[in-house]
Amino acid sequence: MQAGARAEGLLARDLLTPHPRLKLHRGFKSRYLLSDRDLVVYLPPGYSREPERSYPVLYMHDGQNLFDPRTSFIEGRTWQVREQADAAIEADEVEPLVIVGIYNTGERRLAEYTQEREAQRGGGEADKYGKLLTRELLPWIASQYRVRTDRESTGMGGSSLGGLVTLYLGLKYASVFGRLAVMSPSVWWAHKGILGYVNEYAPQIWEKPRVWLDVGDHEGRKTLRDAEQLMRRLKANGWIPEESLHFERVEGGTHDEASWATRVRPMLQFLFPAQ
């Protein structure tokens with residue numbers, strides 16, 4: 001059976017907060033990973049009124065935390081992505097875009113979001129997750145929704161381990177993803193192996209993906225230092241501040257959904273500015 005063929009679109013009422021522009025798809029299947037996963041798709045204002053128009057698309061990890069307060073990691077607290085995106089689009093700050101939230105799979109989250117295995121924690125299935133994204137999910141979304149598929153119109157984002165896997169896969173598939181939201185990334189994983197990966201892959205990338213990198217100054221000294229080290233590593237490898245790289249040290253920022261919600265709008269403004 002074709003990957004994703006059994007993902008069924010459900011009505012917006014299946015979300016705790018009904019909204020006609022949020023579409024829920026249950027049980028997306030993959031040939032590369034055993035666990036099925038749900039998807040939630042945000043459609044921008046005007047999507048149904050402009051049937052000839054196509055849109056850029058942002059794929060985001062930990063999809064259950066983005067829209068629905070019932071499914072969020074901390075119940076009742078989400079990233080408020082619909083509200084933030086709507087406000088930015090209606091203010092003509094951000095180009096109208098489609099946002100695809102990819103639910104994590106609970107106990108498999110750590111494995112799927114890490115690029116190499118650690119002896120104590122395990123992990124190391126990000127390459128399989130990347131195949132799910134590029135070979136199965138992206139084509140399926142393009143078959144269901146009016147999204148543009150060129151590199152400059154395709155983004156990926158996430159926080160914590162989701163930020164780590166965003167940068168890893170964003171560099172590995174730099175010909176696919178032109179815009180990356182790397183929020184509070186878990187640089188520490190595997191003895192900061194992502195830093196060496198940047199050094200290894202960056203010289204092979206002629207066109208650098210546009211990167212939003214952030215960290216809250218209340219996330220802990222180590223997390224803050226790691227993010228700043230990653231920022232310097234990106235700059236040393238050709239990313240240009242405020243052109244292909246924006247680094248945001250968020251005053252009072254913490255490592256949770258409430259804080260990431262405050263960063264969604266400026267992140268969208270940098271990655272998908274209104275034309």
Side-chain angles (χ1 to χ4, degrees), residues 2-29 36-105 133 136-149 153-159 162 179 181 257-258 260-269 271-275:
Q2 183 179 359
R6 291 182 57 189
E8 298 176 356
L10 302 182
L11 297 177
R13 64 172 177 264
D14 292 297
L15 295 173
L16 182 62
T17 306
H19 196 281
R21 288 187 285 103
L22 291 178
K23 309 297 181 181
L24 183 63
H25 300 272
R26 295 285 193 189
F28 188 86
K29 293 185 176 297
D36 297 350
R37 64 208 68 227
D38 294 344
L39 312 170
V40 59
V41 180
Y42 160 89
L43 302 177
Y47 183 90
S48 62
R49 296 193 305 270
E50 302 181 76
E52 302 304 317
R53 183 172 183 175
S54 60
Y55 297 85
V57 56
L58 173 63
Y59 295 87
M60 298 189 70
H61 315 297
D62 293 318
Q64 57 262 67
N65 298 332
L66 306 181
F67 304 99
D68 189 347
R70 180 183 53 189
T71 60
S72 189
F73 178 70
I74 301 177
E75 188 173 355
R77 298 184 183 181
T78 74
W79 287 40
Q80 301 177 10
V81 170
R82 180 187 65 79
E83 296 85 347
Q84 299 290 336
D86 278 359
I89 291 168
E90 290 167 357
D92 201 27
E93 299 168 353
V94 168
E95 181 180 5
L97 77 161
V98 170
I99 301 174
V100 180
I102 310 158
Y103 281 38
N104 69 53
T105 54
L133 292 179
E136 299 175 326
L137 181 57
L138 269 68
W140 188 80
I141 288 293
S143 74
Q144 302 296 310
Y145 296 98
R146 300 193 312 274
V147 297
R148 304 199 296 262
T149 57
S153 299
T154 307
M156 175 170 46
S159 66
R179 303 168 192 268
E257 276 64 39
W260 292 318
T262 68
R263 311 178 202 175
V264 169
R265 188 165 177 174
M267 175 270 288
L268 292 175
Q269 290 171 356
L271 293 183
F272 296 92
Q275 299 299 314

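Taken from CG in L137 to CG in L39, the straight-line distance is 5.5 Å, to the nearest 0.5 Å. Taken to the nearest 0.5 Å, the OH atom of Y59 stands 3.5 Å off from the CG atom of L138. Atom OG1 of residue T154 and atom CG of residue L97 lie 11.0 Å apart, to the nearest 0.5 angstrom. Between the CG atom of L268 and the CD atom of Q84 there is a distance of 8.5 Å, given to the nearest 0.5 Å. In this structure, the separation between CG on N65 and CE on M60 is 10.0 Å, given to the nearest 0.5 Å. Here W140 contributes atom CH2 and K29 contributes atom NZ; the two are 13.0 Å apart, rounded to the nearest 0.5 Å.
In this structure, the side chains of D36 and Y103 stay at 4.5 Å or more apart for every pair of heavy atoms. Proximity of Y145 to K23: side-chain heavy atoms (C-beta onward) are separated by under 4.5 Å at one or more points. R146 is listed as a side-chain neighbour of Y47, based on a closest heavy-atom distance under 4.5 Å. Contact check for L133 versus H61: side-chain heavy atoms found under the 4.5 Å cut-off. Using a 4.5 Å cut-off on side-chain heavy atoms (C-beta onward), P273 and E95 make no contact. For the pair W79 and L66, the minimum side-chain heavy-atom distance is below 4.5 Å. For the pair L58/V98, no side-chain contact is recorded, criterion being any heavy-atom separation below 4.5 Å from C-beta on. Residues V41 and I141 have side chains in contact (heavy-atom distance under 4.5 Å, counting atoms from C-beta outward).
The minimum heavy-atom distance between T149 and A142, with the atom names listed, is CG2-CB, 3.9 Å. Closest approach of P96 to P56, counting heavy atoms only: O-CD, 3.3 Å. Taking every heavy atom of both residues into account, D62 and S159 meet most closely at OD2-O, 4.1 Å.
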Audit row: I99, V81, side chain to side chain contact (heavy atoms under 4.5 Å, CB included) steps and yes/no: CA-CA 9 Å; I99 301 174; V81 170; 3.7 Å; yes
Worked check of side chain to side chain contact (heavy atoms under 4.5 Å, CB included) between L22 and D68: CA-CA 10 Å; L22 291 178; D68 189 347; over 6 Å; no
Test side chain to side chain contact (heavy atoms under 4.5 Å, CB included) applied to H19 and R82, step by step: CA-CA 9 Å; H19 196 281; R82 180 187 65 79; 3.4 Å; yes
Derivation and outcome, side chain to side chain contact (heavy atoms under 4.5 Å, CB included), residues F272 and M267: CA-CA 8 Å; F272 296 92; M267 175 270 288; 5.8 Å; no
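Checked by atom type and distance alone, the side chain of R21 pairs as donor or acceptor with a backbone atom of L43 at under 3.5 Å. No donor-acceptor distance shorter than 3.5 angstrom exists from the side chain of R179 to the backbone of S153, with no hydrogens or angles considered.
At a threshold of 4.0 Å, the pair R265-E93 counts as salt-bridged, since one of the basic side-chain nitrogens sits closer than that to a carboxylate oxygen.
For the residue pair D38/Q64, the side-chain donor-acceptor check at 3.5 Å is not satisfied. Between the side chains of Y42 and D86, a donor-acceptor pair is found at a separation under 3.5 Å.
Under a cutoff of 6.0 Å and an axis angle of 45°, R148 and Y55 do not form a cation-pi pair.
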